[in-house]
**Q** 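I have a structure I would like to understand better, so I am pasting it below and will then ask my questions one at a time.
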Number of protein chains: 2
Amino acid sequence: MKLPVYLKIAADIREKILKGELRPGDAIYSEHELCREYNASRMTVRKGLAILLNEGYIYSIQGKGNYVKEPEHDKYVLYFNEIKSITGKVNNMKLLKADIIKPPVDICNLLQISESKNVVLIERLFYEDDEPVAYDKKFLVYFKGMPIIEKELIFYTFPELVAKSFDVYTMKKELTIYAKMPDEFLKDKLKISELMPLMVVEQKLYNKDNRPVGFGTVYFRGDYFKLFAQASLSDDNNKKLVKENFFSP
Amino acid sequence: MKLPVYLKIAADIREKILKGELRPGDAIYSEHELCREYNASRMTVRKGLAILLNEGYIYSIQGKGNYVKEPEHDKYVLYFNEIKSITGKVNNMKLLKADIIKPPVDICNLLQISESKNVVLIERLFYEDDEPVAYDKKFLVYFKGMPIIEKELIFYTFPELVAKSFDVYTMKKELTIYAKMPDEFLKDKLKISELMPLMVVEQKLYNKDNRPVGFGTVYFRGDYFKLFAQASLSDDNNKKLVKENFFSP
DNA sequence: AAGTGGTCTAGACCACATC
DNA sequence: ATGTGGTCTAGACCACTTG
């Protein structure tokens, strides 16, 4: 056990907050006092505090001090992936369409492009064994030399596709999730005969200049889809915590 | 413009990654080289790199160097709150039940308690004007001296309730989200006559010792519920999301 | 004026990778 | 043996808040 000092400092204060010895709004010992208490330099103390800042336990006000923060009850980390979020195993995919088209009006608005511009339309079906479980429709802003390779179109997820076509990093991604009843078209595609809701996930992707580059909608059979999310106060940050953390707002 | 040096370093390298000059797996200039390049001390350089580490752009291997990381395409930040996730405005709530009961078997398993232990059962209805839009059922592990105040039960969200009863910080929270058709009971409670799916959100809360302390299920009318999530590559996005979505400390 | 946090330096020693 | 990242020091100056 040779825990670095800054981790010890962070762990001690975190424990005090968790135990309720320090309540939201309370001031923490000043950095100078903590230096004395742990016989550590200021940088070491600040590194410890930076971890707690990053985890959302504390905040600091220049010239005043560090304070315990009201917890964010509503924040979760969600892992979504149109293939892996299906409860079973997707073992088959079918490419229904991969065309370069003039976009419909609603897509023009969403992607902020004119109607004369080209977009790539991709339609796919995901299967578990022989059961269709999800129908997938995507629009990608087209540019010359865009690599449209059928093998990629079938197996890649939406952000992966965009990453291949544009930059490695998609800067911003937005999800909208809701439930709805299938219309006749989707009932047919997903072979739904009984009473069955759909889960709809809309994905909008932006490049680093904050321009929309893609819009996709996935319709999942309700009985094959579940989303899981987890609160991110501390557990998720533990890996980072082991390494290093120290930065500022 | 007197940007701190460490932010400048982080911004420069982030830009190179975003532009594709640095690709996943590539090594970054060593910290020593960056010190020379920016005429900065090692601690300042490391602080800049720590930001990128924290944002998920890079990772580091001791004794080798810092490397550009493969982006996490599937990670999103989700803000969920059983009251504010309703698309309209919840302006009325009704407490249907608030009892101390012996838990049913499935809840015993979920909360890891014996059937002889007491749990608090809370049932609520959320209204938009006179329309019921969500039905809410929660189980909380009971302990002596637990403050059960009707006013609190009506207006607090689940994590807030648990926070009041146990600790300020709920250590771990898990969400499961899926769609389903309403049964007769829910059709009646939510006054559903037409074909209408439900969004179901299950919440499981743990205390800091990783013991389950509460399990709740919220059934939303499908037409009143939408979830929004956003990718979390840069921490700036998160803070914006917090600000825009709501939250006042 | 005194105390606080925010930035930064110029070193140091250690653990680990590679050769 | 050399270079890398990981931890840490003992100062410094600045900006800010409060008396």
Side-chain angles (χ1 to χ4, degrees), chain A residues 1-13 17 22 24-69 237-249, chain B residues 1-14 17 22 24-69 235-236 239 249:
Chain A
M1 258 296 250
K2 35 183 179 171
L3 195 70
V5 183
Y6 71 95
L7 286 181
K8 166 80 172 148
I9 295 172
D12 283 357
I13 298 175
I17 294 172
L22 288 168
D26 287 358
I28 295 172
Y29 289 132
S30 78
E31 294 175 2
H32 179 68
E33 285 170 314
L34 289 170
C35 288
R36 280 201 297 105
E37 182 178 340
Y38 287 93
N39 195 28
S41 78
R42 179 126 176 268
M43 282 305 245
T44 302
V45 166
R46 282 180 62 74
K47 206 163 156 180
L49 293 176
I51 294 173
L52 299 175
L53 182 76
N54 192 246
E55 291 176 353
Y57 286 104
I58 67 171
Y59 63 95
S60 64
I61 302 176
Q62 186 174 157
K64 290 188 74 175
N66 291 288
Y67 298 88
V68 179
K69 198 171 155 188
N237 289 337
N238 273 348
K239 351 169 195 171
K240 285 177 194 167
L241 185 147
V242 172
K243 282 183 175 179
E244 172 179 11
N245 260 321
F246 90 105
F247 72 97
S248 305
Chain B
M1 248 317 236
K2 34 182 178 171
L3 195 70
V5 183
Y6 71 95
L7 285 181
K8 167 81 173 146
I9 294 173
D12 283 358
I13 298 175
R14 191 191 297 111
I17 294 174
L22 289 168
D26 287 358
I28 296 172
Y29 289 133
S30 78
E31 295 176 1
H32 180 68
E33 284 170 314
L34 288 171
C35 288
R36 280 202 297 106
E37 182 178 341
Y38 287 92
N39 194 28
S41 77
R42 177 124 176 270
M43 282 304 246
T44 302
V45 167
R46 283 180 63 74
K47 205 164 160 179
L49 293 176
I51 294 173
L52 299 176
L53 181 76
N54 196 253
E55 291 177 351
Y57 286 103
I58 67 171
Y59 64 96
S60 63
I61 302 176
Q62 187 174 156
K64 291 189 74 175
N66 291 289
Y67 299 88
V68 179
K69 198 173 157 185
D235 229 50
D236 270 1
K239 277 164 195 162

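Letters A, B, ... mirror the listed sequences (proteins, then strands); counts begin at 1. Note that the structure is a prediction, hence the values are computed from the model and not measured.
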**Q** Could you state the atom-to-atom distance from CG of Leu49(A) to P of dT4(C) in whole Å?
**A** 13 Å
**Q** Run the side-chain contact (heavy atoms from CB on, under 4.5 Å) test against Tyr59(A) and tell me which residues pass, sequence neighbours left out.
**A** Ile61(A), Tyr67(A), Lys69(A)
**Q** Measuring to OP1 and OP2 of dG5(D), would you say a side-chain N or O of Asn66(B) lies under 4.0 angstrom away?
**A** yes
**Q** Within this structure, what is the CG-OG1 distance for the pair Leu49(B) and Thr44(B), rounded to the nearest 0.5 Å?
**A** 11.0 Å
**Q** Can you see which heavy atom on Leu22(A) is nearest to which on Ala27(A), and at what distance?
**A** CD2-O, 4.1 Å
**Q** With sequence neighbours excluded, tell me which residues meet side-chain contact (heavy atoms from CB on, under 4.5 Å) with Glu37(B).
**A** Tyr29(B), Leu34(B)
**Q** Identify which nucleotide among dG5(D), dT9(C), dC8(D) has an atom closest to any side-chain atom of Pro4(A), counting heavy atoms from C-beta outward.
**A**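 Looking only at side-chain atoms, Pro4(A) lies closest to dC8(D).
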**Q** How long is the straight-line distance from CD1 of Ile58(B) back to CD1 of Ile17(B), given to the nearest 0.5 Å?
**A**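 Ile17(B) atom CD1 to Ile58(B) atom CD1 measures 7.0 Å (nearest 0.5 Å).
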**Q** Verify the contact: side-chain N or O of Tyr6(A) to OP1 or OP2 of dT7(D), cut-off strictly under 4.0 Å; return yes or no.
**A** yes
**Q** When the distance from CD1 of Ile51(A) to C1' of dT7(D) is rounded to whole Å, what number comes out?
**A** 12 Å
**Q** Give, for atom SG of Cys35(A) and atom CZ of Arg46(A), the distance between the pair rounded to the nearest 0.5 Å.
**A** 10.0 Å
**Q** Fill in the dot-bracket string of DNA chain C, one character per base: . for unpaired, | for a pair to another strand, ( ) or [ ] for pairs within the strand, taking Watson-Crick or G-U pairs under 3.5 Å.
**A** ||||||||||||||||.|.
**Q** Check whether any side-chain nitrogen or oxygen of Thr44(B) sits under 4.0 Å from OP1 or OP2 of dT7(C), and answer yes or no.
**A**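 Answer is no, no contact under 4.0 Å.
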**Q** How many whole angstroms separate atom OH of Tyr59(B) from atom C1' of dT4(D)?
**A**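 The distance from OH of Tyr59(B) to C1' of dT4(D) comes to 15 Å, rounded to the nearest Å.
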**Q** What is the minimum heavy-atom distance between Ala10(A) and Leu52(A), and which atoms define it?
**A**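 Smallest interatomic distance, heavy atoms only, reads O-CD2, 3.6 Å.
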**Q** Would you say a side-chain N or O of Ser60(A) is under 4.0 Å from OP1 or OP2 of dG6(C)?
**A**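 The answer is yes; a side-chain N or O of Ser60(A) sits under 4.0 Å from OP1 or OP2.
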**Q** Taking all heavy atoms of Ser60(B) and all of Asn66(B), pick out the closest pair and write down the distance.
**A** CB-OD1, 2.8 Å
**Q** List for me each residue that meets salt bridge (Lys or Arg N to Asp or Glu O under 4.0 Å) alongside Arg36(A), sequence neighbours excluded, and say none if there are none.
**A**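 With sequence neighbours excluded, Arg36(A) shows a salt bridge (Lys or Arg N to Asp or Glu O under 4.0 Å) to no residue whatsoever.
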**Q** Restricting to side-chain hydrogen bond (donor to acceptor under 3.5 Å, both in side chains), what partner residues turn up for Gln62(B), sequence neighbours left out?
**A**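 None.
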**Q** To the nearest Å, how far apart are Lys47(B) NZ and dG5(C) C1'?
**A**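 Spelled out: NZ on Lys47(B) to C1' on dG5(C) is 10 Å.
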**Q** Output all residues satisfying salt bridge (Lys or Arg N to Asp or Glu O under 4.0 Å) with Asp12(A), sequence neighbours left out; order by chain, then residue number.
**A** Lys8(A)
**Q** Could you give the NZ-to-C1' distance, from Lys8(A) to dC8(D), as a whole number of Å?
**A** 18 Å
**Q** Taking DNA chain D as the partner, which of residues 29-38 of chain A come within under 4.0 angstrom of it by heavy atom?
**A**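 Residues of residues 29-38 of chain A under 4.0 Å from DNA chain D: none.
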**Q** Report, as a single string ordered 5' to 3', how protein heavy atoms within less than 4.0 Å touch nucleotides 10-19 of chain D: B base, S sugar-phosphate only, - not at all.
**A** B-B--BBSS-
**Q** Quickly work out the Asn39(B) CG to dT9(C) P distance and round it to whole Å.
**A** 7 Å
